[in-house]
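The structure appears right after this line, and notes come after that.
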Amino acid sequence: MSEEPVAGDESAQDSDTEERPEPVIGADEEAPAGDASEAELAEVLRETLLAAHDDLTADDLPGESVAEVRERYVAARERLEREARVPAGAPGRFAPAPTSAFEKIREGLTRLNA
């Protein structure tokens, strides 16, 4: 009789379920023949990041390699977060309401005449 693995046999499952590491974009390993080049991967990463973040432009993500694009992305996100911060205690956007009865009457008459 031959020693071929049978479906449902535990020894066959062990050999088929070897743990293989998932590929990581930007890994320092050289890509096998037939895979996308580093420049193509960088372009795909750039397009993906631009599609995911409306506040980024193509000028924010230059670079020929995945590592360069990733570094530029991190720097651009940090810059945008710094620029978007509003200082605490920012002044109000509306004029304060009149405080005395006379000011309230004047404000009401001004609105009627406007």
Side-chain angles (χ1 to χ4, degrees):
M1 234 175 155
S2 68
E3 294 282 331
E4 294 180 25
V6 179
D9 186 20
E10 290 180 19
S11 62
Q13 289 177 355
D14 290 341
S15 64
D16 291 341
T17 59
E18 291 178 3
E19 290 189 31
R20 296 182 185 152
E22 293 185 24
V24 176
I25 294 178
D28 294 329
E29 302 172 12
E30 196 168 315
D35 282 353
S37 70
E38 181 75 13
E40 291 171 340
L41 290 175
E43 185 61 30
V44 169
L45 178 60
R46 182 178 300 110
E47 291 173 3
T48 304
L49 291 172
L50 291 174
H53 301 282
D54 294 336
D55 53 350
L56 291 176
T57 64
D59 295 335
D60 292 330
L61 303 174
E64 296 297 320
S65 70
V66 173
E68 291 174 359
V69 173
R70 186 183 313 137
E71 288 172 10
R72 300 294 180 149
Y73 167 72
V74 169
R77 295 304 304 166
E78 288 174 355
R79 178 181 50 83
L80 289 172
E81 285 180 16
R82 267 193 319 271
E83 292 174 359
R85 289 193 180 138
V86 177
R93 299 186 184 268
F94 302 101
T99 56
S100 71
F102 181 73
E103 291 175 356
K104 291 178 184 177
I105 293 170
R106 185 185 315 177
E107 179 70 25
L109 291 173
T110 304
R111 289 183 188 173
L112 287 175
N113 292 332

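Basis for what follows: all heavy atoms, side chains included, without hydrogens, waters or symmetry-related copies. Just so it is clear, the structure is predicted and the values come from calculations on it, not from any experiment.
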One should read off an interatomic distance between L45 CG and R72 CZ, to the nearest 0.5 angstrom, of 13.5 Å
CZ (F102) and CD (E107) are apart, to the nearest 0.5 Å, by 12.5 Å
Review point. Around atom CZ of R106, are there more than 12 heavy atoms of other residues, nucleotides or ligands at under 6.0 Å?
Key: no
CD (E68) and CG (L61) are apart, to the nearest 0.5 Å, by 12.0 Å
Heavy atoms of V69 and L49 approach each other most closely as CG1-CD1, 4.3 Å
One should read off an interatomic distance between L50 CG and D54 CG, to the nearest 0.5 angstrom, of 10.0 Å
**Study point:** Over 12 non-hydrogen atoms of neighbours within 6.0 angstrom of CD in E64
**Key:** no
Shared hydrophobic cluster for L41 and V74 (ILVMFWY, side-chain gaps under 4.5 Å) = yes
Problem - Sub-4.5 Å side-chain heavy-atom contact between D55 and D60 - result: no
*asked:* Is the shortest side-chain heavy-atom distance between E40 and E43 below 4.5 Å?
replied: no
Without swapping roles, check the side chain of R46 against the backbone of G63 for a donor-acceptor pair under 3.5 Å. yes
